[in-house]
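Inspection log for the structure reproduced underneath, given as structure tokens.
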Amino acid sequence: MDTSFSEADLLFRDEVKNFFSSAYDASLQKQFESFSTYKDAVIEWQKRLYKQGWIAPNWPVKYGGTGWSSTQKFIFEAERASAGIREVMPFGLGMVGPVIYTFGNEKQKEHFLPRILKSEDWWCQGYSEPGSGSDLASLKTRAEDDGDHYVVNGAKIWTSFAQYADWIFCLVRTSTEGKKQAGISFLLIDMRTDGIKVNPIISIDNHHSLNEVEFVDVRVPKENLIGEENKGWTYAKSLLAHERTGIAGVADTKRALFNAQELARREINGGKSLLENPLFQKRLSDVEIELLALEFTELRVLASVASGGAPGAESSLLKIKGTEMQQAVQEIMMEIAAHYQGVLDTEHSSEVIGHEFGSSARRAYLYGRAATIYGGSNEIQKNVIAKAVLGLE
Amino acid sequence: MDTSFSEADLLFRDEVKNFFSSAYDASLQKQFESFSTYKDAVIEWQKRLYKQGWIAPNWPVKYGGTGWSSTQKFIFEAERASAGIREVMPFGLGMVGPVIYTFGNEKQKEHFLPRILKSEDWWCQGYSEPGSGSDLASLKTRAEDDGDHYVVNGAKIWTSFAQYADWIFCLVRTSTEGKKQAGISFLLIDMRTDGIKVNPIISIDNHHSLNEVEFVDVRVPKENLIGEENKGWTYAKSLLAHERTGIAGVADTKRALFNAQELARREINGGKSLLENPLFQKRLSDVEIELLALEFTELRVLASVASGGAPGAESSLLKIKGTEMQQAVQEIMMEIAAHYQGVLDTEHSSEVIGHEFGSSARRAYLYGRAATIYGGSNEIQKNVIAKAVLGLE
Amino acid sequence: MNFDFTEEQVMLRESITRFIQEDYKFDERRRISKSSSGIDKEVWKTFAQLGWLSIPFSENSGGFGGGPVDVSVIMEEFGKGLVLEPYLPTVLLFGGLINSAGNEDQCSNLLPKIIEGDLLGAFAYLERQSRYELTDVMTKVESCSEGFILDGEKVVVLNGLNASKLIVSARTSGDQFDREGISLFLVSADADGVDRVSYQMMDGQMVSNFRFNNVSLGTNSLIGSLGEGSELIERVVREATVAISAEALGIMGELNRKTLEYSKTRKQFGSSIGSFQVLQHRMVDTFMAYEQVKSLLYRAVCGLAEDSDDIECIVHALKALVGKMGKQIFGEAIQIHGGMGITDELDIGHYSKRLMMINTTFGGEDHHQGKFNNLRYDHHSLA
Amino acid sequence: MNFDFTEEQVMLRESITRFIQEDYKFDERRRISKSSSGIDKEVWKTFAQLGWLSIPFSENSGGFGGGPVDVSVIMEEFGKGLVLEPYLPTVLLFGGLINSAGNEDQCSNLLPKIIEGDLLGAFAYLERQSRYELTDVMTKVESCSEGFILDGEKVVVLNGLNASKLIVSARTSGDQFDREGISLFLVSADADGVDRVSYQMMDGQMVSNFRFNNVSLGTNSLIGSLGEGSELIERVVREATVAISAEALGIMGELNRKTLEYSKTRKQFGSSIGSFQVLQHRMVDTFMAYEQVKSLLYRAVCGLAEDSDDIECIVHALKALVGKMGKQIFGEAIQIHGGMGITDELDIGHYSKRLMMINTTFGGEDHHQGKFNNLRYDHHSLA
């Protein structure tokens, strides 16, 4: 057992650090903070990563991956988070990309993979439907065979950034025979096709990132079907369990906790720093201690994956604990912001309002409630562990 | 809404206080503390309460109750607990007594009730069976009709103080037809009858209060049947929901918490009183705050019972919260006792050992684990609330 | 001992329930929250006509002479309706301070206007640096020949946007954290030298920061005795803390009720989600949390009414419990509602946001538990 | 980075597993715990023969030269078997102190005897008043011409009954709470002036209180430098804390495994109780708790081996987590076993009691979380 870094690892870390500090510059950072420039910032940053060759560390080398060891991936993630840089958009690089290179045909690979790597297409995900909730396989959007096209009708919901998207990857029903999982296909759909309508959903944090996407007689060429018809569920499932560095988001949560600590130090209550308040300290260390553990839980899972183990139910553990920790830190931020935790976005500067981060703490906390709901709610994850790990029926 | 005491209530409180301080004297107190004299102490104390006319505050006046208002009952309980006096043994006074005066015939009432009030019989409870657990109605002990007797075969388990008992009240199966609840009868059995064997169960705290009671061809006169044959489940259930002051044990838990506070004040860590340690304070106040609430929850339930409401699912709430609070205080006592929390009973004096309450904290904590299991486990109580209060199936 | 409400209290409760069900539906509430003032002045007039604004004031000021129980009945029902109109800042804080410490002039000038619904007030006590400490006051008042000069800043003033009159806590002597030396002053929101900046909170409240630039105040602007404002503030804030705890109870009840209903109709995997044992037990937990808050609220309400010795402790305990159980209850409500729970469309999120804001108003869970610990366990005899 | 065990470590683990399954079944363990000494000296001899007593000692003292990983492998397996024999007090504490600070004489006299299984030792560091503070020491040592005079008392000395040699922490200068001025002395348990009173703990351990009545010690009885014992104690206790955390992990694993098995066979209401979703989710929670403890243990073990900067923090974090998760895990184990869980007959209670004792050994959950908070958040720069 050994957790020290080799000389080569340390050199790699310096390289990563240097890249981040020069490539992620102040003007880009500012672009990320405003909603009007957010989309451009994402694309610009991902293009810079692409140029550096680091856009897809988890992809196989032949498709554009970096060929890094799990230690290197860990270092990359840790440095990214500690530089305060967001993860790349997962829909293309983390989700549909791996499905395409694993199950797609050569033509699909040739067309889509480079465009994903270069961030030329913005992807969004069409899994959930109104009413389907955690019971994903109950989906009803149907794709009917019409010669060399499918005709798609139905609706998808909770689609993040559909308003920006060029493409959507969808699970659609191509058969109603057999088990509900059996008749599902995996389809790529151009968002500019006639009959697609994007309806914004304003979320609890008063923002618009979620959408409902309606399909009315949308014609999709059959060449956009991934793999075989009616096997989409298998592809999607393999994707759900796909290796993903940082599934628990530990690196980002650590950074957020560190940030909270710094802010709490500056917050004064009755003449004393909030950071020295013992009840507040307990809140902090309850999270920090579990996070110190979770960081190693993640490493252990990664190590087991690297040595050939399949990340199955362990990824459920990481999801549950990781999202609980995220929410705990968001709650701590609200505690620090005190009265100011409720401030809505306003034209007034933070200097006038008297507080810097109340509004962002609010947004993170409120939207953060979704983390235990999406991607298979934490209740579903517990069911998975009960069955797959504990053997309980 | 009004929670103040009337002048009459205050006078009553003085009377109760005075009685407890004179009647519960030091020699009796000492008797309670040793296992060899425990049984005698219980009986002696209950006889003193009987002499005072206060042995059965919850019984109807015509059978020997006190006719107190719910405020008076509350005061009585509060003063009893604050004087450090245990509740009376529940098996006769709280359990079988009410069943006899509600469902028994005149002869049974005349014979048993005075003996219960005078503590002339020690009762124990025969409900649970090996294997039945929370599924009480699955009981298998059978009583076969043999003319003017039943012949009882089977076994009961977790029977507290069966080794002291003169009588046991049992649920027995008199029919296997219909639903499992339908064929159960309520039988009173003289513990001196041939064929009864009491097998001690040593519990996790290394003591003997629990037993298994075996019945081999035990002949029970039919006059000892309560009510009608096969209706025992109804009687037992009505007993479970029977009005009982202090079901949550709040008064005793308050006293225990107060006691813990005093002990923590004297415990020094690194030159500072443990009571001033903020993490310890948080443990204390987490409990104390909930206890301040629970005390009123209990009062609200009592008030609703007094004005004719039936204590149904509310008693489940009191049971869950009450036992959680008990265990929380027991855990706090272990925390205070530190290294000494593990001391087994020893011949050495506490002066030699260096600690006064480590051993009693251990016993209370370990045996206290049972509180969330017996009397319908807390899981069962939650099922009851889900169904009866929330209407969930 | 009894936990019954009087006939009058039952009628009061019913009249508010009816108003909310008929005239203050969620869509109406949403419309009001999006209006420029964030409140509806017609609604406020209705409150006045129904007598609700008069409840806590003494009868010789034209009030109803109600006590903490009456106030808690109102606030619990307002909680159920997520009422935006400024009952807390105008009636309980501003009115409460005038009622308890105003001189005859102040009472007779202001209270009837409050009761009639003609005056909206606010209590400006928070400062940028003060966090939850009521006695951390840097805003200064100096005496001068014509009265006083007020200089400083107050922030997050509830109902600041709509208030025409403010009560401002300011230091007339002592240092930043001293309990002594704080006084209360009546200030017109549109007086010379008063700058107001308003913004909205996530629960819809319009709050303001006020800058006072050497504002001249007349001698009659002092409320209560010079330098002795702290006790007065603490008392009124204590009563208001109990009142918003009642509001929180109303919200918790609604969240539990709506979540339970949803769990019975929402189907997943072929069953209603309310049939899943895990959710059942968690809804039992939130039911018990609600009952515990109700009990401690009743304890505090009775303690206020009976002026009991331990009321300070009890109110700290209550506010800490409201914070803790509130998080549990809205957390489960959102989680069990799934994706719908995080939309702006559904009311669940709005109830949750109001609970969050109640948690931070007058100090959060930790703040009050810390004060409780201090009172109960530090340097005190327990005899 | 890797989390693999070496082949030797895997073999070590397997040999202990086999020993426990074959020669240290629960009934055998019960017999030993009821014997007058509370341990089995034959078993101890077997440990010596199998080389387990030599593991942490350096090769030039005749040891195996193992590190924290090896020790954690041993302790985890001992945890699974609830091994009563005094590995912690003799090998890790007594042996650990000699190994790190003993002079040549002390090392060559004592270590081979420990390794051969011929010497049982103990470390006497607790005092009546000391609670969890290692530096709260009132036992005094004065210098004299022939060496030292020891006077004072030590309590709850692990393995006190069976130890022939003790290492005693005593104050050679300074005041009760000073970190400086504490020294370590080697004392024969049967020396003149040593009184021993022994009693048993709920986990079967035989512990002792020792009274030292002006006990004469030779000059060679000092271990390490005069007055500089604190750092030594802290280091060895830190390593021992990680070791008993490994033992705790072994216990937690057994409790989870046995509870899961029981839940699959135990029937209630016509179904196995493991089919109830509420219990499923709670067993998932204890599974996750176990995995989290394992991760933090590995972190601490690697940190010790690599002498990392944050090891002090990590060990406090680990011990706090072991305490917290331990309570959760044994709590669920007992609760899910129902009535059977609270019997002496079943092993569940015994595993639980050992976990409780581990929680209090070297300081409980709160103690370590407090130290963690102090190191991380008080008066430190976080840069």
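What's counted below: heavy atoms across the whole structure, side chains too, no hydrogens, waters or symmetry copies. Chain letters run A, B, ... following the sequence lines, proteins first, then strands; residues in each count from 1.
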Are the charged groups of [X] and [Y] less than 4.0 angstrom apart, N to O?
| X | Y | result |
| --- | --- | --- |
| D:E332 | D:R282 | yes |
| D:E312 | D:K371 | no |
| A:R266 | A:E262 | no |
| D:E365 | D:K324 | no |
| A:K382 | A:E379 | no |

Answer yes if the side chains of [X] and [Y] hold a donor-acceptor pair under 3.5 Å, and no otherwise.
| X | Y | result |
| --- | --- | --- |
| D:T259 | D:N256 | no |
| D:E306 | A:T3 | yes |
| A:Q281 | D:N374 | no |
| A:N58 | A:K73 | yes |

So what's closer than 4.5 Å to chain A heavy atoms on [X]: side chain, backbone, both or neither?
| X | result |
| --- | --- |
| D:K294 | both |
| D:I314 | side chain |
| D:S308 | neither |
| D:F372 | side chain |
| D:A305 | neither |
| D:N2 | both |

Chain A: which of [options] shares the most heavy-atom pairs with it under 4.5 Å?
| options | answer |
| --- | --- |
| D:A320, D:S271, D:G274 | D:G274 |
| D:N373, D:L296, D:D310, D:L260 | D:N373 |
| D:Q277, D:Q369, D:Q9 | D:Q369 |

Under a 4.5 Å heavy-atom cutoff, which of [options] has the most pairs with chain D?
| options | value |
| --- | --- |
| A:L317, A:N383, A:L292 | A:L292 |
| A:G391, A:A264, A:S6 | A:G391 |
| A:V389, A:L294, A:D9 | A:L294 |

Classify the ring geometry of A:W68 against A:F76: parallel below 30°, tilted from 30° to 60°, perpendicular beyond 60°.
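Ring orientation, 0 to 90° scale: tilted.
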Query raised in the report: Relative to the ring of A:H355, is the ring of A:Y340 parallel (under 30°), tilted (30 to 60°) or perpendicular (over 60°)?
Result: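 Parallel.
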- Message: Given the ring of A:F20, does A:R80 sit roughly above its face, with NZ or CZ under 6.0 Å from the centre of the six-membered ring and within 45° of the axis?
- Response: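 Judged by the rule, A:R80 and A:F20 form no cation-pi pair.
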Suppose a student defines contact as a heavy atom less than 4.5 Å from any heavy atom of chain A. Which residues in residues 284-293 of chain D would they list?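 Within residues 284-293 of chain D, the residues under 4.5 Å from chain A are D:V284, D:D285, D:F287, D:M288, D:E291, D:Q292.
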Mark yes when over 12 heavy atoms from residues, nucleotides or ligands other than A:K254 sit less than 6.0 Å from its NZ; otherwise mark no.
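No, the 6.0 Å shell around NZ holds no more than 12 heavy atoms from other groups.
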Practice item. Check the surroundings of atom NZ in A:K180: do more than 12 heavy atoms from other residues, nucleotides or ligands lie under 6.0 Å from it? Key: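 Check passes, neighbour count above 12.
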Partner of D:V242 under side-chain contact (heavy atoms from CB on, under 4.5 Å), chosen from D:V71, D:V322, D:L318: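 Output: one option passes, namely D:L318.
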Given heavy-atom pairs under 4.5 angstrom as the criterion, report whether the side chain, backbone, both or neither of A:F5 touches chain D.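 Answer is side chain: those atoms of A:F5 sit under 4.5 Å from chain D.
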* Interface moiety of A:K282 toward chain D, non-hydrogen atoms closer than 4.5 Å ->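 Answer is both: backbone and side chain atoms of A:K282 are under 4.5 Å from chain D.
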Subject >> Residue-level interface, residues 318-326 of chain A with chain D, non-hydrogen cut-off under 4.5 Å >> reply: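 From residues 318-326 of chain A, the residues near chain D are A:I320, A:K321.
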| request: Measure from the side-chain N and O atoms of A:S132 to the backbone N and O of A:D135, and report whether any donor-acceptor pair falls under 3.5 Å. | output: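 No.
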